[in-house]
Enquirer: 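Supplied in structure tokens, the structure appears directly below.
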Amino acid sequence: MQTDALKAAIAELERIAAELDDGPGAYEDRSRVFCATYPAALAEVRRQICSDPSQDKLRQSFRLDSLSGSPRGELPFYATTLRDGTLGFLQRRIDDCLQAAIASCTGIKPWLIPDLNMAQNEAACKDPEEVASAALKKLGQWMDETGIAIRFHSSPPWSARRWIGVIRDPRPLSDHCLLMSGRDCLFDGASALPKAHDQAASSHDPADIDYGITID
């Protein structure tokens with residue numbers, strides 16, 4: 001049985017998601033409101049689950065202990081153990097899918113990977129091409145500093161042992177990253193809550209992946 005606080009947190013998260021899909025006004029405006037309100041609401045649901053004794057089984061899916069060292073004052077990072085024994089890092093916001101996917105693909109703590117702040121830059125009415133260019137520049141600087149190589153493939157690298165598949169979406173900030181192993185989807189960091197190992201890792205079909213990313 002869920003506590004009243006958890007029920008309220010879930011209801012608020014569902015309300016925010018419904019407003020994005022079916023609310024009044026232009027989608028771009030609804031998206032800005034969603035990006036501003038969804039992260040805190042999502043974090044509250046996860047916090048309530050982790051403090052609710054009745055949610056013991058789901059709570060055990062989270063790996064809070066593995067995230068010690070996360071910067072204080074920021075939205076917390078959550079992770080879950082995947083069926084191959086590695087950690088999958090859940091997104092905190094709608095626009096940090098690449099950061100979470102790189103962390104999940106490499107095992108690097110997500111706060112050590114550049115936060116590209118796509119929604120913040122979009123909200124500042126910057127040109128989309130300018131936003132993308134700034135994000136790639138930031139990633140490039142990080143690669144130079146760490147020696148890590150992020151490679152973009154115009155078609156999905158289905159034979160790769162571990163890679164990131166990207167599904168394009170014409171809506172703002174809606175491209176979707178999946179953690180892949182060959183043709184198998186291991187993890188979808190956009191999930192609000194961890195999935196059981198006998199559940200499908202994502203509601204998205206890997207056949208819809210447009211391009212891929214490998215990391216060396």
Enquirer: NZ of K138: more than 12 outside heavy atoms within 6.0 angstrom?
Expert: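 Count over threshold, so yes.
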Enquirer: Within a strict 4.5 Å, meaning less than it, do heavy atoms of the T3 and L6 side chains meet?
Expert: yes
Enquirer: Given 3.5 Å as the limit, does a donor-acceptor pair link the side chain of W142 with the main chain of I148, or not?
Expert: no
Enquirer: Checking C50 against Y78 for the side chain to side chain contact (heavy atoms under 4.5 Å, CB included) test, could you report, in this order, the C-alpha distance in whole Å, the side-chain angles of both residues, the deciding distance, and whether it holds?
Expert: CA-CA 11 Å; C50 290; Y78 290 85; 4.0 Å; yes
Enquirer: Can I167 be reached from I164 by stepping across I, L, V, M, F, W or Y side chains whose heavy atoms are under 4.5 Å apart?
Expert: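 Each belongs to a different hydrophobic cluster.
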Enquirer: Quick check on the hydrophobic clustering: are F152 and L178 connected, directly or via other members, by side-chain heavy-atom contacts under 4.5 Å?
Expert: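 Each belongs to a different hydrophobic cluster.
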Enquirer: Which residue pairs satisfy the salt bridge (Lys or Arg N to Asp or Glu O under 4.0 Å) criterion with at least one member in residues 141-163, sequence neighbours excluded?
Expert: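 Output for this query lists D84-R162, R151-D216.
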Enquirer: Quick one: do T146 and Q141 satisfy side chain to side chain contact (heavy atoms under 4.5 Å, CB included)? Show the steps, please.
Expert: CA-CA 9 Å; T146 60; Q141 291 172 340; over 6 Å; no
Enquirer: Name all residues meeting the ring pair (Phe, Tyr, Trp, His ring centres under 6.0 Å) criterion together with W158; count only those two or more places apart in sequence or in a different chain, and write none if there are none.
Expert: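 For W158 the ring pair (Phe, Tyr, Trp, His ring centres under 6.0 Å) partners, ignoring immediate neighbours, are W163.
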Enquirer: Distance-only criterion, 3.5 Å: show the donor-acceptor pairs between side-chain atoms of residues 203-212 and protein atoms not counting sequence neighbours.
Expert:
residue : atom : partner : partner atom : Å
D205    : OD1  : A207    : N            : 2.9
D210    : OD2  : R168    : N            : 2.7

Enquirer: Assess whether a salt bridge exists between K7 and D52, defined as any Lys/Arg side-chain N lying under 4.0 Å from an Asp/Glu carboxylate O.
Expert: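 Judged by the 4.0 Å cut-off on N to carboxylate O distance, K7 and D52 do not form a salt bridge.
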Enquirer: For a quick test of reading the model, state the closest non-hydrogen atom pair linking P76 to A43 and the distance between them.
Expert: CD-CB, 4.4 Å
Enquirer: Under 4.5 Å between any side-chain heavy atoms of E12 and Y38, yes or no?
Expert: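 No, every pair of side-chain atoms sits at 4.5 Å or beyond.
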Enquirer: What residues, two or more places apart in sequence or in another chain, satisfy side-chain contact (heavy atoms from CB on, under 4.5 Å) together with A18?
Expert: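 A18 satisfies side-chain contact (heavy atoms from CB on, under 4.5 Å) with no residue once adjacent residues are dropped.
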Enquirer: Which atom names give the shortest non-hydrogen contact between P39 and F34, and what distance separates them?
Expert: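 Of all heavy-atom pairs spanning P39 and F34, the closest is CD-O, 4.0 Å.
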Enquirer: Which heavy atom of V45 sits nearest a heavy atom of A9, and at what distance?
Expert: CG2-O, 3.4 Å
Enquirer: Mind checking what makes side-chain contact (heavy atoms from CB on, under 4.5 Å) contact with A103, not counting sequence neighbours?
Expert: F89, P110, I113
Enquirer: In chain order, what residues pass the salt bridge (Lys or Arg N to Asp or Glu O under 4.0 Å) check against R30, with sequence neighbours excluded?
Expert: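 Not a single residue meets the salt bridge (Lys or Arg N to Asp or Glu O under 4.0 Å) criterion with R30.
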Enquirer: Nearest 0.5 Å, please: how far is CG in L179 from SG in C105?
Expert: 5.5 Å
Enquirer: Taking only distance into account, with no hydrogens and no angle test, what donor-acceptor pairs under 3.5 Å do side-chain atoms of residues 189-200 form with protein atoms, sequence neighbours excluded?
Expert:
residue : atom : partner : partner atom : Å
S191    : OG   : D188    : O            : 3.1
H197    : NE2  : T81     : O            : 2.9
Q199    : OE1  : A196    : N            : 2.8

Enquirer: How far apart are the closest heavy atoms of I102 and T106, and which atoms are they?
Expert: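 Residues I102 and T106, closest heavy atoms: O-OG1, 2.7 Å.
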Enquirer: Hey, is the main chain of Y27 close enough, under 3.5 Å, to the side chain of S31 for a donor-acceptor pair?
Expert: no
Enquirer: Residues two or more places apart in sequence or in another chain: which of them pass side-chain hydrogen bond (donor to acceptor under 3.5 Å, both in side chains) with Q48?
Expert: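 Scan of Q48 (side-chain hydrogen bond (donor to acceptor under 3.5 Å, both in side chains), adjacent residues dropped) gives E44.
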Enquirer: Not counting sequence neighbours, which residues clear side-chain contact (heavy atoms from CB on, under 4.5 Å) with D21? List them please.
Expert: none
Enquirer: Who passes side-chain contact (heavy atoms from CB on, under 4.5 Å) against E19, sequence neighbours left out?
Expert: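 Result, side-chain contact (heavy atoms from CB on, under 4.5 Å) vs E19: R15, P24.
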Enquirer: Distance from C97 atom SG to H176 atom NE2, nearest 0.5 Å?
Expert: 7.5 Å
Enquirer: May I ask whether L87 and M180 are part of the same hydrophobic cluster, defined by side-chain heavy atoms of I, L, V, M, F, W, Y residues being less than 4.5 angstrom apart, directly or through others?
Expert: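 No, separate clusters.
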Enquirer: Under 3.5 Å, side chain of D96 to main-chain N/O of R92, donor-acceptor pair present?
Expert: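 At least one qualifying donor-acceptor pair exists.
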Enquirer: Give the minimum heavy-atom separation between A40 and L75, together with the two atoms involved.
Expert: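 In this case the closest contact between A40 and L75 is CA-CD2, 4.4 Å.
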Enquirer: Tell me every residue that passes salt bridge (Lys or Arg N to Asp or Glu O under 4.0 Å) with R83, counting only those two or more places apart in sequence or in another chain.
Expert: D184
Enquirer: State the CD1-OG distance between I49 and S61, to the nearest 0.5 angstrom.
Expert: 9.5 Å
Enquirer: Could you state the interatomic distance from CD1 (I150) to OG1 (T214), rounded to the nearest 0.5 Å?
Expert: 9.5 Å
Enquirer: Can you list the residues that meet the salt bridge (Lys or Arg N to Asp or Glu O under 4.0 Å) rule with R46, with sequence neighbours excluded?
Expert: none
Enquirer: Linking I/L/V/M/F/W/Y whenever any side-chain heavy atoms sit under 4.5 Å apart, do W111 and L98 land together?
Expert: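 Linked, W111 and L98 end up in one cluster.
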Enquirer: Once you round to the nearest 0.5 Å, how far does CG of L112 lie from CD of Q99?
Expert: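 One finds 9.5 Å between CG of L112 and CD of Q99.
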Enquirer: Compare all side-chain heavy atoms of L20 with those of I16 and state whether any distance is below 4.5 angstrom.
Expert: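 Answer no - side chains too far apart.
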